[in-house]
Structure formats: C-alpha cells, structure tokens
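Everything below concerns the one structure shown next.
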Amino acid sequence: MRTHYCGTLDTSHVGETVELNGWVHRRRDHGGVIFLDVRDRTGLVQVVYDPDTVESFAIAETVRNEYVLRMTGRVRPRQEGAVNPNMATGEIEVLGSALEILNAARTPPFQLDEHAQAGEDVRLRFRYMDLRRPEMQERLQTRARIASVTRRYLEDNGYWEIETPTLTRATPEGARDYLVPSRTHPGEFFALPQSPQLFKQLLMMSGMDRYYQIARCYRDEDLRHDRQPEFTQIDIEASFVSQQEVMDLTEGMLKCVFKEVLDVDLADFPVLGYDEAMRDYGSDKPDLRNPLKFTDIADLMKEVEFQVFNKPANDPKGRVVALRAPGGAKLSRKVIDGYTDFVARYGARGLAYIKVNDIASGPDGLQSPILKFLPEEVVAEVLARTGAADGDVIFFGADQANVVNDALGALRNQLGSDLGLSVEGFAPCWVVDWPMFEEGRDGVVVAVHHQFTQPSAPLEEVISNPLSVRAAAYDVVLNGYELGGGSLRIHRQEMQAAVFEAMSMGQEAEIKFGFLLDALKYGCPPHGGIALGLDRLVMLMTGTHAIRDVIAFPKTQSAACLMMAAPSQVDDHQLRELHIRVRAEH
RNA sequence: GGAGCGGUAGUUCAGCUGGUUAGAAUACUGGCCUGUCACGCCAGGGGUCGCGGGUUCAAAUCCCGUCCGCUCCGCCA
C-alpha cells in the first residue's frame with residue numbers, strides 16, 4: 001500500500017507523490033483547512049486537507065484520533081514561519097489528495113500523546129494502545145537491537161543458538177516452579193524451566209562446544225520492579241574455557257552492545273572480590289556510580305561502654321561500620337528519622353549518626369545523640385578513618401553482619417540519590433570469588449550460586465568444611481543490579497557427588513540428578529558459562545524504571561495479565577483430561 | 001506471609017476536620033473558524049466516589065472487611 005513511512009519524509013521528497021498508512025495522532029480542524037498528524041512506528045508527519053479536494057476534505061472532517069488511514073498526497077516544503085522545529089518532519093508536509101479510512105476507532109481509553117500519562121493498570125489493560133506510544137515503540141526497538149547485536153556478537157565468536165525444552169522436570173530447590181500437568185501421565189507434572197542450566201551443560205557434554213540462547217525462564221516467586229514471572233536470559237555456555245575467558249567474552253559482548261546501541265564506550269569492568277564488595281558496600285551487587293564506602297570500626301568499639309556498639313563489635317558474627325555522607329550535615333532531623341525507619345525495614349534497630357559541623361573544635365563541633373557514650377579518642381579515630389570533613393554526617397551500623405550490610409547498604413544507595421552523590425552513566429563491575437555454600441535455614445548447607453558450580457577447593461575440603469570453600473563463580477553487576485551470573489561447572493562425577501554430599505542430598509541427588517551424574521561419567525569436558533538478564537539490561541539501557549517498561553506484555557505484581565485476564569478458570573472437561581480437581585479454598 | 005501508598009467523569013487529579021446539585025484539567029459530542037502543530041472560540045453531554053458491611057439524622061469523607069494497582073521486606077539456587 002504505502003510508498004513511504006511517515007517519519008522518514010524530509011525535504012528530499014519534495015515534489016513526490018507519496019502514499020502513506022498510519023494512525024491519526026492528532027487532528028486540527030480549522031474549518032477551511034484540516035491538519036492531520038499521522039503516525040506510524042517511524043514517527044509523525046503532517047498531512048493537510050483543504051476544500052479544493054472536496055471528497056477527501058469531507059472525509060477528513062469525519063476522521064478522529066486513532067483512525068487508521070490510507071492517504072495519497074504530494075510532499076511540499078512548509079511555508080516560511082510554518083516550519084515546526086519540534087517535529088522531525090517539521091520542514092515538510094503532505095498536501096493530501098486522496099483519503100481512505102481503513103478503519104475507524106473508538107475514543108481511546110487514554111490519551112496517547114506525550115502530555116497525558118495514564119495509570120499503569122489502564123495501560124496494561126489496553127496494552128495494544130499503550131504500545132502505540134512512540135516511547136514504548138522506541139523501547140521495544142532498542143530491545144530488538146540489543147538482542148540482535150548480542151546474537152551477532154556471539155555468532156561471530158563461534159556460538160550456536162540451540163533451543164532447549166520449556167517442558168521439563170520440577171526441581172524442589174531454588175525458586176518455585178510453574179507446573180504443567182501431564183495428560184498422558186496422570187498425576188504427573190512438567191515444570192517450566194527456571195533457566196536452561198542443565199540442558200546447556202548437557203549440550204557441552206554433547207560436544208556442542210559453544211552454545212547460546214535467548215531463553216525464556218520462569219520462576220513462580222513474588223514480583224519486584226526488576227522481576228517478572230517469565231523473563232528472558234542471554235544464556236551462554238562454552239567448553240574448555242577458563243573463568244577469565246567467559247568473563248572476557250561477556251565483557252566484550254556488553255561493550256559491543258553499549259557501543260552499537262547507545263554509542264557508549266564502557267571502560268574495562270573493575271573486578272571486586274565478594275569479600276571486598278561486602279566489606280566496602282555491604283552488597284554483592286554494589287552500585288559503583290555511588291562513591292560512598294563503609295569504614296569498619298568494630299576494633300574501636302570493643303571496649304566502649306555503649307552496648308549497642310560493643311556487643312556486635314565483640315560478636316564474631318557482628319559488624320560495626322561507619323558510613324560517611326559528604327554534605328550530609330544539612331539533612332534535617334526529619335529526614336534522618338526517615339532513614340531510621342528506612343533501615344528498620346532491613347532489621348536495623350536504630351540508626352546512630354554524628355553530624356560534623358566544625359571538626360577543628362573537637363567534640364563541641366560535633367552533634368550527635370551518641371557522643372556521650374563514646375570516648376573522645378574513639379570518636380576522633382572514627383573521624384580520622386572515615387576522612388570526615390565539616391558538613392558531613394557519619395551514620396553507624398552495628399548489629400549482626402547481615403543486618404548491617406543490608407541496612408547500611410540500602411542506606412548507601414538512598415544517600416547516593418538524596419545527596420546527589422552518584423555519577424550519571426553506567427558503572428559495571430565483576431564480583432568474583434563467591435563462597436560456594438552458605439548456611440540456610442535450620443543450619444543446612446545450600447549452594448550460593450548453584451550446586452553445579454565448580455568449587456575452588458579439593459574434594460576433601462568440600463566435604464569436610466564446605467562453608468569455607470570458594471566457588472569459580474562470577475556475577476556481572478551494572479548500576480546496582482545483578483545483570484548476570486555464571487560459573488565454571490563441575491565436570492567430574494566425584495566432585496559433583498561431593499557437593500551433593502556437602503548439601504546432605506545424597507539419596508535425593510541420585511533420584512533427581514542421576515542422569516547428570518551418569519552423563520559426567522561419559523566424558524564431560526570442563527565447561528562454564530553465564531546468563532544475563534536481558535530485561536534488566538534493556539531497562540538500564542533505556543533508562544526506564546521497571547522491566548515491565550521493556551516487556552511488550554508484562555504481568556502485574558500479582559502475576560496476572562490485565563489485558564488477557566490471565567490466569568483464568570478452565571472448563572471442568574479440561575481439568576478432567578488432566579486428572580486435576582480444584583480444591584475448595586478455606 | 002508482612003508493611004506502606006493509591007483506587008472519585010474516558011484519563012490525570014482536587015474534594016476526605018461528615019452537611020446544598022461531587023469539581024478542575026484534558027478527552028469526548030455539536031457549532032464556528034483557511035496555516036495550525038498540546039490550534040482557538042462558543043455550547044453540551046459525561047459519576048456504581050473499587051466492592052461489601054457498619055456508625056450516623058446525614059458518608060466520597062469515619063470504622064471494619066474485601067478486591068485491584070504500585071513500592072518495599074520476606075521470597076527469588
């Protein structure tokens with residue numbers, strides 16, 4: 001039908017007769033002349049109808065917003081003074097000669113122009129309307145380009161795109177599974193994959209050597225702004241590779257994507273040890289745009305009278321840190337009280353602070369509810385260690401280490417934005433040398449990354465002292481988001497068995513992962529890989545605030561689709577075939 | 001599972017210390033207008049104040065419950 005897209009017309013087309021298709025973005029009816037801003041995915045162009053063309057002028061009078069049109073007209077330069085510099089096609093217009101309404105449209109449920117914003121629930125219910133907005137079209141285009149550059153990069157590096165099943169086996173550990181009932185196996189269920197983890201490892205055992213997939217993953221857990229029940233991973237695995245090689249490939253890929261999509265040159269990613277990240281930022285995914293760092297002061301607090309500080313200072317699982325916020329002394333009492341409530345969400349029982357008004361006048365230059373509990377020389381040493389200067393405020397965290405890390409880590413982020421300390425742009429980093437295991441609830445040993453990760457310790461130590469073992473695992477972090485994580489995998493059956501044993505899942509492992517243990521016996525190459533959250537990457541690269549903004553049809557926080565009204569009840573007949581009876585809720 | 005915020009016209013919101021006919025902007029409809037571009041001017045239509053219950057002479061407003069949306073904690077190998 002069309003000869004051109006709306007947004008592509010410019011002065012080079014002047015004099016040409018063009019045929020356009022698109023939606024009426026806005027209509028301005030001046031009685032004797034009617035302007036239509038016509039929109040397609042490339043942009044807007046102004047089409048003018050005047051009474052000289054009687055028939056099409058009459059049709060133009062009946063046109064309304066979001067009508068779908070087919071137009072013929074001649075491109076002409078706009079008159080002096082009629083040029084619109086705010087419009088990409090503002091130097092020209094199309095003088096319409098023919099006009100056909102391909103489809104009328106009801107009044108839109110919300111205005112699609114940039115000057116009105118609808119609530120997210122309305123946008124999601126009418127997502128097909130919301131996606132017409134240029135803003136949304138740009139985001140999805142950016143997403144497509146990111147995926148495209150990713151594919152090309154990986155293919156240039158010898159990676160094959162291989163699909164893996166989405167009907168697979170349930171795994172009780174990790175996230176909750178989405179289950180799919182089997183018609184042919186009464187009472188049995190498939191699970192949708194939380195990731196293609198095992199399949200990609202098996203592909204390495206199959207000699208595929210280098211695999212990638214832009215894979216949909218499913219986790220039935222509660223949602224956040226950066227978590228959807230179904231999400232997309234850039235999933236990568238390679239054989240005969242070192243950790244450094246996987247990291248180099250990934251870093252190269254991200255640099256390439258940022259360069260080609262945003263024309264941004266990312267510097268080499270800093271590499272942080274896990275311990276270092278926790279020590280300096282209280283987080284395993286630190287936002288390095290934020291310059292604030294923790295200062296450990298437990299050693300100074302062991303002898304002080306103040307119980308709030310000396311108890312955690314003397315507790316092996318405790319931690320006492322200071323967090324200096326430059327310029328924070330201007331924060332009002334009300335704001336600081338707000339921070340106290342804020343850190344309480346992470347389990348902190350209070351938030352001590354010292355305002356540094358005039359460091360030269362000693363204690364008199366300080367302002368704090370806790371000064372009376374601390375010896376002068378201890379305070380002086382805290383100021384020295386943190387590098388405090390006039391106008392700063394120093395916050396304190398003293399509790400179990402995990403509470404301090406969570407609470408002050410979150411406060412660090414908050415201060416970064418409230419005080420405008422964070423720099424603009426993109427701050428990626430690697431976090432490496434993760435612990436292999438941690439103590440879960442009831443003291444059970446659980447894998448920090450996953451149970452197929454290669455421990456960086458001999459087999460005996462994995463069994464005898466698992467909590468001391470490190471793993472060949474690495475996360476890539478961007479602006480405080482975990483963008484991806486990977487590891488070298490266990491490629492020897494004995495080691496895999498040892499890890500299962502350390503996790504006290506001997507029998508259980510045989511049943512659930514017997515096929516893997518078997519596969520490891522048939523010649524498994526050393527291998528490793530990584531998976532990156534495509535939705536998060538796109539969110540960060542488009543500067544949006546939730547991955548919902550970069551997913552065409554996302555779910556709400558309660559994991560529902562407002563447009564389709566999914567999930568929904570199904571026929572009894574359908575349930576019967578699946579051998580399922582719905583239990584009455586109490 | 002828990003906490004907070006929100007739900008009033010198609011939309012975005014105001015009204016919420018209870019008291020005339022629930023209002024603004026925008027959208028929509030009709031009329032006028034030949035150079036606008038968030039066109040302008042005139043007129044008009046438009047409400048289950050999320051839902052259910054309670055208190056009261058009287059509830060958008062107060063109380064209880066419930067549903068929905070968002071943010072967060074838990075959860076997310």
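Protein chains get the first letters and strands the later ones, always in sequence-line order, with residue 1 at the start of each.
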Name the nucleic acid region contacted by [X], choosing base, sugar-phosphate or nothing; use a 4.0 angstrom heavy-atom cut-off, strictly under.
| X | value |
| --- | --- |
| A/Gln117 | sugar-phosphate |
| A/Arg219 | base |
| A/Arg125 | nothing |
| A/Asn65 | sugar-phosphate |
| A/Arg489 | nothing |
| A/Tyr346 | sugar-phosphate |
| A/Glu120 | sugar-phosphate |
| A/Arg78 | base |
| A/Asn84 | base |
| A/Gln228 | nothing |
| A/Ser195 | base |
| A/Asp222 | base |
| A/Gly119 | sugar-phosphate |
| A/Ala82 | base |

For [N], does the base pair up with any side-chain atom of [X] as donor and acceptor (N or O, under 3.5 Å, distance only)?
| X | N | answer |
| --- | --- | --- |
| A/Arg176 | B/G1 | no |
| A/Arg224 | B/G74 | yes |
| A/Glu80 | B/G35 | no |

Residue [X], side-chain atoms from C-beta onward, closest of [options]:
| X | options | result |
| --- | --- | --- |
| A/Val122 | B/U11, B/G35, B/C39 | B/U11 |
| A/Pro109 | B/G10, B/C39, B/C75 | B/G10 |
| A/Phe35 | B/C76, B/C70, B/G35 | B/G35 |
| A/Asp121 | B/C76, B/G69, B/U71 | B/G69 |
| A/Arg227 | B/G74, B/C72, B/C37 | B/G74 |

Problem - Atom-to-atom span, CG of A/Leu36 to C1' of B/C39 - whole angstrom - result: 14 Å
Practice task
Could you check how far CG of A/Asp226 sits from P of B/C70, rounded to whole Å?
Solution key: 14 Å
Should [X] be listed as having a side-chain N or O under 4.0 Å from OP1 or OP2 of [N]?
| X | N | answer |
| --- | --- | --- |
| A/Arg345 | B/C73 | no |
| A/Thr556 | B/C68 | no |
| A/Arg64 | B/G30 | yes |
| A/Thr107 | B/G10 | no |

Exercise for the section: Taking the six-membered ring for Trp and the single ring otherwise, decide whether the centroids of A/His225 and A/Tyr481 are under 6.0 Å apart. Expected result: yes
Practice task
Assess the pair A/His13 and A/His4: is the distance between their ring centroids shorter than 6.0 Å?
Solution key: yes
Exercise for the section: Specify the residue among A/Leu562 and A/Pro108 whose closest nucleotide of RNA chain B lies further upstream toward the 5′ end. Expected result: A/Pro108
Problem - First encountered from the 5' end of RNA chain B, between A/Val446 and A/Gln111 - result: A/Gln111
Exercise for the section: Classify the angle between the aromatic ring planes of A/Phe515 and A/Phe513 as parallel (below 30°), tilted (30 to 60°) or perpendicular (above 60°). Expected result: tilted
Handout entry: Side-chain donor/acceptor of A/Asn465 to backbone N/O of A/Glu461, under 3.5 Å
Key = no
Practice task
Mind running side-chain hydrogen bond (donor to acceptor under 3.5 Å, both in side chains) on A/Gln228 and A/Asp535 for me, showing each step along the way?
Solution key: CA-CA 9 Å; A/Gln228 282 273 302; A/Asp535 312 282; over 6 Å; no
Practice task
Check whether the aromatic ring of A/His30 stacks on the base of B/C33, taking stacking as ring centres less than 5.5 Å apart and planes within 30° of each other.
Solution key: no
Practice task
Go through the steps for A/Gln454 and A/Ser487 under the test side-chain hydrogen bond (donor to acceptor under 3.5 Å, both in side chains), then give the verdict.
Solution key: CA-CA 7 Å; A/Gln454 175 72 51; A/Ser487 62; over 6 Å; no
Handout entry: Charged N-O contact under 4.0 Å between A/Arg489 and A/Glu237
Key = yes
Completion exercise
Any strand, both distances under 3.5 Å, Watson-Crick or G-U wobble: B/G30 pairs with B/C42
Fill in the blank from the handout: Answer for the Watson-Crick or wobble partner of B/U71, both distances under 3.5 Å, is B/A3
